[in-house]
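Comments concern the structure below.
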Amino acid sequence: MKLSVVIPAYNEEESITETIDQIEEALGKINIPHELLVVNDNSKDSTLQVLEQLAAKYPSVHYVTNLGPNGFGYAVRYGLERFTGDCVAVMMADLSDSPYDLIRYYTTMVEGNYDCVFGSRFIKGGKVIDYPWLKKIINRIANLIIRMFMGIKYNDTTNAFKLYKREVIDGVKPILSPHFNLTIELPLKAIIRGFTYTVIPNSWTNRKYGVSKLKIKEMGSRYFFILMYCFIEKYFSRGDFKIK
C-alpha cells in the first residue's frame with residue numbers, strides 16, 4: 001500500500017529541509033512505498049527554491065504551488081486533490097510531527113485494516129514538548145467541547161497529524177474548511193460517515209524555526225462553524241451522507 005504524505009508549507013525555508021531529510025531517513029529504514037507531496041502555499045521566501053533542491057535529491061519528493069486562495073486548509077485540500085497513494089497523512093512542515101509516529105500510523109492501518117488512524121498527544125504514551133501553555137489550555141477546552149457536542153471519546157480531534165485511506169478522503173467530500181478548522185472537519189466527517197478508525201499515541205514538538213501559522217483569535221468562529229456543520233450532519237441528516 002503506497003503511502004502519501006501531504007505537507008503544507010508557507011515560508012518554511014528554514015524548516016522544510018530538515019523535515020524532509022528526517023522523514024526520508026525514517027521511511028528509508030523500512031520498505032514503505034511512498035511519496036512526499038509538499039504544497040508550497042505561495043511562499044514569499046525561498047521555500048520554492050529549497051523544494052526544487054529536495055526534489056532533485058529525493059525521487060519520492062514532489063512539490064506543487066498553490067497560487068491561491070491560500071491558507072492551511074486550502075493548501076491541504078490542494079494536496080488532497082493531487083496525491084497518488086492508497087493512503088495519505090497530513091504532516092506539518094516544521095517537524096512538529098515525528099516520522100517514526102508516521103511509520104506506526106502506517107503499520108497500524110495495514111495490520112488492523114483501519115480506514116483511519118488518529119493520533120493523540122494526550123493519552124498514555126503521547127507527549128508534547130515545549131507546548132505553549134496558553135495554547136495547551138485552549139486545546140484541551142476545545143477538544144472537550146468537541147467530545148461533548150459530538151458524543152465521541154477521541155480527545156485530540158484538533159491534532160492535524162492523521163492518516164486516511166484514499167476512499168475516506170473521497171468519502172468526506174466536499175471539504176469546506178479553508179484554514180486550521182480542516183483539522184476537525186476531516187476526522188469528524190470520517191467518524192460520522194461510518195469509516196473505521198483507531199487512536200494511537202503520538203508526540204508533538206514545538207517548531208525550531210519561524211513562527212506558527214495558527215492564529216487562535218482568528219480561528220474560534222471557524223472551528224465553531226465546522227463543529228456545528230458536523231453536529232447537524234450527525235444528528236439531523238438521518239444518515240443520508242453515511243458511506244458504510
Side-chain angles (χ1 to χ4, degrees), residues 1-8 37 72-92 97 101-102 104-123 126 139 142-202 204 222-244:
M1 184 165 72
K2 182 178 179 181
L3 168 67
S4 291
V5 183
V6 169
I7 305 172
L37 178 58
F72 175 84
Y74 284 124
V76 173
R77 287 161 57 183
Y78 198 86
L80 293 179
E81 292 292 340
R82 291 164 175 80
F83 75 94
T84 62
D86 303 296
C87 58
V88 59
V90 177
M91 293 185 72
M92 295 301 193
D97 305 313
D101 285 337
L102 174 64
R104 293 179 59 239
Y105 280 26
Y106 178 86
T107 55
T108 298
M109 174 174 282
V110 171
E111 293 171 0
N113 195 29
Y114 296 104
D115 296 322
C116 317
V117 178
F118 301 154
S120 175
R121 300 160 290 184
F122 303 102
I123 60 175
N139 174 288
N143 277 281
L144 177 61
I145 292 170
I146 292 169
R147 289 170 61 191
M148 293 175 61
F149 260 81
M150 300 305 298
I152 60 176
K153 294 182 179 180
Y154 180 40
N155 72 347
D156 201 9
T157 306
T158 59
N159 184 354
F161 182 26
K162 300 179 173 74
L163 177 65
Y164 304 91
K165 286 185 177 177
R166 173 175 287 277
E167 52 263 39
V168 177
I169 298 302
D170 292 336
V172 300
K173 293 178 180 177
I175 302 171
L176 305 178
S177 300
H179 299 291
F180 280 89
N181 46 348
L182 182 85
T183 62
I184 70 171
E185 179 180 359
L186 296 181
L188 289 180
K189 280 185 174 178
I191 293 170
I192 292 166
R193 297 183 184 184
F195 292 102
T196 62
Y197 71 96
T198 191
V199 179
I200 65 174
N202 77 288
W204 181 92
R222 289 168 171 152
Y223 276 110
F224 185 73
F225 164 72
I226 290 299
L227 180 58
M228 290 300 96
Y229 177 93
C230 294
F231 177 85
I232 289 169
E233 179 175 319
K234 178 174 182 178
Y235 291 105
F236 296 99
S237 69
R238 297 183 178 272
D240 289 341
F241 301 98
K242 203 158 188 177
I243 305 298
K244 296 186 177 182

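Positions are given from 1, in the same order as the sequence printed here.
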Exam field: side chain T107 to backbone R104, donor-acceptor pair closer than 3.5 Å:
yes
Run the numbers on R77 and R82 for side chain to side chain contact (heavy atoms under 4.5 Å, CB included), then give the verdict.
CA-CA 9 Å; R77 287 161 57 183; R82 291 164 175 80; over 6 Å; no
First locate atom CD1 of I192, then atom CD1 of I232, and finally report the distance between them rounded to the nearest 0.5 Å.
10.5 Å
Applying the side chain to side chain donor-acceptor pair (under 3.5 Å) criterion to S120, which one of N155, N159, T157 satisfies it?
N155
D115 versus Y164: any side-chain heavy-atom pair under 4.5 Å?
no
Do I200 and V117 touch side chain to side chain, with heavy atoms closer than 4.5 Å?
yes
With sequence neighbours left out, the residues meeting side chain to side chain donor-acceptor pair (under 3.5 Å) with T84 are K2, E35
Could you tell me if the side chain of M150 sits less than 4.5 Å from the side chain of K234, heavy atoms only?
yes
Establish, yes or no, whether a centroid distance under 6.0 Å links the rings of F161 and Y105.
yes
Side chain to side chain donor-acceptor pair (under 3.5 Å) with E233: which residues, sequence neighbours excluded?
R193
Minimal heavy-atom distance between A89 and L102, with the atoms involved, is CB-CD1, 3.7 Å
Take K165 and C116 through the test side chain to side chain contact (heavy atoms under 4.5 Å, CB included) and record every step on the way to the result.
CA-CA 6 Å; K165 286 185 177 177; C116 317; over 6 Å; no
Are Y197 and F118 close enough that their ring centres sit under 6.0 Å apart?
yes
Looking only at side chains, do N202 and K162 share a donor and an acceptor under 3.5 Å apart?
no
F231/Y235 aromatic ring centres below 6.0 Å:
yes
Partners meeting salt bridge (charged side-chain N to carboxylate O under 4.0 Å, His left out) with R121 (sequence neighbours left out):
D156
Looking only at heavy atoms, the pair that brings H179 and F72 closest together is O-CD2, 3.7 Å
Could you go through I152 and L188, starting from their C-alpha distance and side-chain angles, then the distance that decides it, and tell me whether this counts as side chain to side chain contact (heavy atoms under 4.5 Å, CB included)?
CA-CA 9 Å; I152 60 176; L188 289 180; 3.9 Å; yes
Distance-only donor-acceptor check, side chains T158 and N139, under 3.5 Å
yes
Pairwise side-chain contact, T183 with Y223, heavy-atom cut-off 4.5 Å (strictly under)
yes
Pair N113-T196, side chain to side chain contact (heavy atoms under 4.5 Å, CB included): steps then yes or no:
CA-CA 9 Å; N113 195 29; T196 62; over 6 Å; no
Are R166 and F83 packed together at the side-chain level, in the sense that at least one heavy-atom pair is separated by less than 4.5 angstrom?
yes
Is there a side-chain contact between L182 and V90 (heavy atoms, below 4.5 Å)?
no
Atom CG in N181, atom CG in L227: separation rounded to 0.5 Å?
11.0 Å
Which atom pair, heavy atoms only, marks the closest approach of D86 to M1?
CB-CG, 3.3 Å
Interatomic distance, SG@C230 vs CD1@I191, rounded to 0.5 Å, equals 9.5 Å
Go through the structure and list residues passing side-chain contact (heavy atoms from CB on, under 4.5 Å) with L144, not counting sequence neighbours.
M148
Do V76 and I175 make a side-chain contact, defined as non-hydrogen atoms from C-beta onward lying under 4.5 Å apart?
no
For the pair F149 and F224, name the ring-plane relationship: parallel under 30°, tilted 30 to 60°, perpendicular over 60°.
perpendicular
Quick one: salt bridge (charged side-chain N to carboxylate O under 4.0 Å, His left out) partners of D97, sequence neighbours excluded?
none
Has S4 got a side-chain atom pairing as donor or acceptor with V88's backbone, closer than 3.5 angstrom?
no
Using the test side chain to side chain donor-acceptor pair (under 3.5 Å), find all partners of S177 that sit at least two apart in sequence or belong to another chain.
E185
